[in-house]
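The chains referred to below are lettered A, B, ... by the order of the sequence lines, with proteins before strands, and numbering in each begins at 1.
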2 protein chains.
Amino acid sequence: MLLIKNIMDKKEKTTTEQLILEAAEEEFLTKGFDGARTTVIAERAGVTHAMLHYYFRTKEQLFERIVAKITALVAQTVLAAMGDPQKPIVERIRSGVASHFDLVAAHPLLPRFFLNEVVLRPERYNLLNDSLKERISALFMQLQTEADRAAGAGEMEAVDMRHLFLSIVSLNVFPFLALPFAERLLGDLAGDREKFLAARKAEAIETILRRIQKQKP
Amino acid sequence: MLLIKNIMDKKEKTTTEQLILEAAEEEFLTKGFDGARTTVIAERAGVTHAMLHYYFRTKEQLFERIVAKITALVAQTVLAAMGDPQKPIVERIRSGVASHFDLVAAHPLLPRFFLNEVVLRPERYNLLNDSLKERISALFMQLQTEADRAAGAGEMEAVDMRHLFLSIVSLNVFPFLALPFAERLLGDLAGDREKFLAARKAEAIETILRRIQKQKP
DNA sequence: ACATGGTTTAACAATATTGTTAATACAAAT
DNA sequence: ATTTGTATTAACAATATTGTTAAACCATGT
């Protein structure tokens, strides 16, 4: 019976195919496409490297499976940076910075992978079709309108939301890219990882809030 | 006569060795160590790939020549971000942000290369010896003291200079990492590259200055 | 002219890396 | 029990990539 077989598959597949995918994610995430070796991935998965080709045919196809997963996660963090649409704009920005930071902190290897493997191969991974571009554009327009209204009402300073967005992502993402370096450069700063991350999060929030704060003069 | 020969060398060496170095810089900078191919480098330089090995023995040795150059440039931008020690602290920070941005803008490929090839290979490129670490630490301590004094005098808000420094670098560097992506995501924002860069520079300066601005209430 | 020494070439060697295939094991269905 | 199809293995193939070498080249100094 087919149903039974499928159920079996779903239970059993926790083995080879999954093992390869997990090993591949680890390897690709840390070493990139060029640096990763299919033989190493197979070793880490504890299977012969012929298995890898049996399940995924080529290195590229295996890689694309990983790219798809990572891309979905990145999209999540981007959306997070836009904040909760329910709240008023200033609070929306504050919550956006905070939750975006948390998401990046939960996946610190993502940024580098995404930058190297997706951003720099626009021809291969063109995940920005026109309809998506339009939706994003509309989203920014909506944000901008709301911000302009709030600025008119004296609730915040007038800002270009696209630049603000880029600043948020910069402040939240770059420290994770630089972390291995910063930890050696500023030993005590990063001495306690927990403390350092909490401080960075607070710093990003404070910096962005001050950026949109209405000037008193 | 040896002197004459050396002079000749310096004139002639604009050929093969230099050609290889230039091609290697281009390849390593855009593709990284793993992605670069010595054969391609040789082709680009217009020499046989045996020449590459003749002058640099191995791919690694050639690579290290490039790393040395890039590292020096990165050190420059880091120093630039510290601003002109002559000026008062607030102006020092403003000029630091500006000149750091300009340096990064002049070498937009550096950040990714440095992150991938140097930051992530601490064992191979340990360019942070203890004496350098101490000097940097002292530099930050000095900056902090000056900032604390200015804060006490009501000239600026009290801040952790190391965090401020990291924010400056984040705001200035990340946009260049994300540029290829941002250009497709926010077409009109990056429509005119010149305008976009000018706006980013102004945005970074404004953001940092507001961060250190004394609150009125 | 000749010797010297750095430069260049072309062909080769060695290895790494990806991908293929034929034979086999194994589990499920009929 | 036989068939069927997937999973697995081991050995091989093909190519890419780095690195080596012997011989030729060429400018310079003697």
- Message: With a 4.0 Å limit, can you tell me whether B:T48 has a side-chain N or O closer than that to the phosphate oxygens OP1/OP2 of C:dT9?
- Response: yes
- Item | Spacing of B:R57 atom CZ relative to D:dG19 atom P, expressed in whole Å | 10 Å
- Task: Specify the separation, in whole Å, of atom NE2 of A:H53 and atom P of D:dT6.
- Result: 20 Å
- Query: To the nearest Å, how far apart are A:L52 CG and D:dA10 C1'?
  - Reply: 16 Å
- Item | Any B:T38 side-chain nitrogen or oxygen under 4.0 Å from OP1 or OP2 of D:dT18 | yes
- Note on the structure: Among C:dT7, D:dG19, D:dT6, the one nearest any side-chain atom of B:T58 is D:dG19
- Message: Output the rounded distance in Å from CG (A:D34) to P (C:dT17).
- Response: 12 Å
- Task: Round to the nearest Å and state the distance from A:H49 atom NE2 to D:dC12 atom P.
- Result: 14 Å
- Message: Under the side-chain hydrogen bond (donor to acceptor under 3.5 Å, both in side chains) definition, can you give me all pairs with a residue in residues 100-116 of chain A, not counting sequence neighbours?
- Response: A:H100-A:N172, A:D102-A:K201, A:R112-B:N116, A:N116-B:R112, A:N116-B:N116
- Side-chain N,O (A:T16) to OP1/OP2 (D:dT8) below 4.0 Å: yes
- Message: With a 6.0 Å cut-off on the ring centroids, do A:F63 and A:F28 count as close?
- Response: yes
- Message: If the cut-off is 4.0 Å, is B:Y55 near the phosphate of C:dT8, judged by side-chain N/O to OP1 or OP2?
- Response: yes
- Side chain proximity check, B:L62 to B:L21, heavy atoms < 4.5 angstrom: yes
- Item | Separation of D:dT18 C1' from B:E60 CD (nearest whole Å) | 12 Å
- Query: Is there a side-chain contact between B:V104 and B:L110, using heavy atoms and a 4.5 Å cut-off?
  - Reply: no
- Parallel, tilted or perpendicular for A:F176 and A:F101, by the 30°/60° rule? tilted
- Length of the NZ-P vector between A:K59 and C:dT18, whole Å: 5 Å
- Query: Across the strands shown, which category fits A:A36 at heavy-atom distances under 4.0 angstrom: base, sugar-phosphate, nothing?
  - Reply: sugar-phosphate
- Nucleotide D:dT18, atom P - distance to CD of B:Q61 in whole Å: 15 Å
